[in-house]
Amino acid sequence: MVGGFGLCGTPFTLIDAIIEQPAIRNLTIISNNLGEPGKGLGLLLLSGQIKKAVGSYFTSNRDAVKAWKRGTLEIELYPQGTFVEAIRAGGAGIAAFYVKTGVGTELAKGREERIFNSERNILIEAIRAKAALIKAAKADALGNLIYSKSARNFNPAMATAADVVIAEVDEIVPAGSFDPEQVVTPHNFVDYLVISRYWKEGGVYVKNT
Amino acid sequence: MSKTLDPKKRIASRIAEELKPGMVVNLGVGIPTLIPEFLQQGNGVFLHSENGMLGMGPPPPPEELDMDCISASKHPVTLEPGAAIFSSSDSFGMIRGGHIDVVVLGALQISEKGEIANWAVPGTDILGVGGAMDLVPGAKKIIAAMTHTAKDGSPKLVRELAYPTTGIQCAKLVVTELAVFSINGESMLLEELAEGTTIDELRAVTDARFHVSTALKTWHDGN
């Protein structure tokens, strides 16, 4: 499970760390996109370590489309809101839920349908992962996390829905530095903190070499 | 037809007139992203972006670029005073829970009942759906923004969808560069016709059947 929307809120350093370990293969990546061509998860795709992608929008990475056509990449597609809700449910101890999104479409094929409040709904099972790689702006030493603007996106939900959660952060501050009202992801969801090797230059993340 | 605006901008400018102060509005990709340039400053419309923002503002000047602050189309944006940031999970809860007043979507086809096809073309790769299927059942009102015909000249307003549907819920208003139609779930009503276009000319490029409003208006650019 990997956070981020496109390249926004993506744990670039953690993705690089997987690429540095070519023995790690046949990964199922649960993420909204597979980054962009040659960037973020797009790099991990090019390194041949991804077997399957589960998310909502893979057409923005032409390499993903090519790999799917070649038959080297499996894809499981969800509407974006159903995708994140399945992850939220996975983190909140909910096995499955009914939702009206996608009813009557190709993505509803094979799913159980029930009517609630006169509306058709389909059954979606929760999604969990062995590991979640997420990106936050700041952590305190306990692992409480706060995010930066729209780089929050899928990260807080993913922080709840994996056996091991690794957060890449720009900065670690002493425990107690955050106003408790501002904490978005409480520390008990987070297992490991890694300082990012990337920093923002002119508003764009670049590798700090 | 007036030549003052290109077709996509005409559509965007007409839809901007539908957006009123206090409304919470989600703009889909494509033509809807052109709408903000036709909203008056201080218009009071709250733009929602499904990646987790309410109160999305225009693109920043280059020196204030921040790729942590992007729209659902992944373009850099700013935050208006009073804006709020939230997770994707809260954002789609907002959409499904009926807290968005108007969703403006681009479309590949609209049926005469208002059914929407905007995510996949038969015979091509279907590897992305994004938020379209969430926005369609969630919004209080859906406005479809599309050119009247496809690039090959074929009608996009059709009797029945040939492309896969985005959901069973329907558009209430369709705006093309030639006309404005309201749809009540059963049939389409022509409400406005672009200046210089006749009803016969419109029917020639429209596969869907429609009624003509007794109060049909002529649509001039810039009104």
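Numbered from 1 within each chain, the chains take letters A, B, ... in sequence-line order. Every value quoted in this text rests on a predicted model; they were computed, and no experiment measured them.
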**Message:** Could you check whether atom CD of A:E125 has more than 12 heavy atoms from other residues, nucleotides or ligands sitting under 6.0 Å from it?
**Reply:** no
**Asked** Is the number of heavy atoms from other residues, nucleotides or ligands under 6.0 Å of B:E63 CD greater than 12?
**Response** yes
**Prompt:** So which of B:L65, B:V136, B:L135 has the biggest tally of heavy-atom pairs under 4.5 Å with chain A?
**Reply:** B:L65
**Asked** Does the side chain of B:L127 come within less than 4.5 Å of A:W68's, by heavy atoms?
**Response** yes
**Item:** Segment of B:T166 engaging chain A (4.5 angstrom heavy-atom cut-off)
**Value:** backbone
**Message:** Let's test your reading of the structure: which of A:N155, A:T82, A:L107 forms the most heavy-atom pairs below 4.5 Å with chain B?
**Reply:** A:L107
**Asked** A:E106 and B:W119: side-chain contact (heavy atoms from CB on, under 4.5 Å), yes or no, with the steps?
**Response** CA-CA 11 Å; A:E106 290 189 17; B:W119 72 286; 4.2 Å; yes
**Message:** Do B:K74 and A:S60 make a side-chain contact, defined as non-hydrogen atoms from C-beta onward lying under 4.5 Å apart?
**Reply:** yes
**Message:** As an exercise, state the distance from CD1 of B:I168 to CD of A:E119, rounded to the nearest 0.5 Å.
**Reply:** 7.5 Å
**Prompt:** Of all of A:G104, A:P79, A:G55, which one pairs up most often with chain B through heavy atoms under 4.5 Å apart?
**Reply:** A:P79
**Prompt:** Counting heavy-atom pairs under 4.5 Å to chain B, which of A:V184, A:L77, A:V204 comes out on top?
**Reply:** A:L77
**Message:** Just so I understand: if I count every heavy-atom pair under 4.5 Å between each of B:G130, B:S91, B:S87, B:S89 and chain A, which residue has the most?
**Reply:** B:G130
**Message:** Return the CD1 to OG distance between B:I85 and A:S148, rounded to the nearest 0.5 Å.
**Reply:** 8.0 Å
**Complete:** What one should report as the nearest heavy-atom pair of B:I70 and A:C8 is CD1-CB, 3.4 Å
**Message:** If I measure from the heavy atoms of chain B, does A:N33 come under 4.5 Å with its side chain, its backbone, both, or neither?
**Reply:** side chain
**Prompt:** Which pair of heavy atoms, one from B:S88 and one from A:F154, lies closest together, and at what distance?
**Reply:** OG-N, 3.5 Å
**Prompt:** Which region of B:S49, side chain (C-beta onward) or backbone (N, CA, C, O), has a non-hydrogen atom less than 4.5 Å from a non-hydrogen atom of chain A, or is it both or neither?
**Reply:** neither
**Item:** Test log, rule side-chain contact (heavy atoms from CB on, under 4.5 Å), inputs B:M67 and A:L7
**Value:** CA-CA 8 Å; B:M67 291 312 283; A:L7 297 175; over 6 Å; no
**Prompt:** Under 3.5 Å, is there a donor-acceptor pair between the side chain of B:D134 and the main chain of A:T101?
**Reply:** no
**Prompt:** Any sub-3.5 Å donor-acceptor pair from A:R152's side-chain atoms to B:G52's backbone N or O?
**Reply:** no
**Message:** Can you confirm whether more than 12 heavy atoms, excluding those of B:K140, are under 6.0 Å from its NZ atom?
**Reply:** yes
**Request:** Check whether any side-chain N or O of A:S150 sits under 3.5 Å from a backbone N or O of B:D68 as a donor-acceptor pair, and report yes or no.
**Result:** yes
**Asked** Tell me, side chain or backbone of B:I95 under 4.5 Å from chain A's heavy atoms, or both, or neither?
**Response** neither
**Asked** Looking at B:P62, B:G93, B:A72, B:G138, which has the largest count of heavy-atom pairs under 4.5 Å with chain A?
**Response** B:A72
**Asked** Which bit of A:Y205 is near chain B, if near means a heavy-atom gap under 4.5 Å: side chain, backbone, both or neither?
**Response** side chain
**Prompt:** Is it true that atom CD of B:E160 has more than 12 heavy atoms of other residues, nucleotides or ligands lying nearer than 6.0 Å?
**Reply:** no
**Asked** Salt-bridged, A:E85 to B:R96, with N to O below 4.0 Å?
**Response** yes
**Item:** Which portion of B:L79 sits near chain A, non-hydrogen atoms under 4.5 angstrom
**Value:** side chain
**Asked** Can you tell me if NZ on A:K138 sees more than 12 non-hydrogen neighbours from other groups inside 6.0 Å?
**Response** no
**Asked** Would the number of heavy atoms belonging to other residues, nucleotides or ligands and lying under 6.0 Å from CG of B:D152 be above 12?
**Response** yes
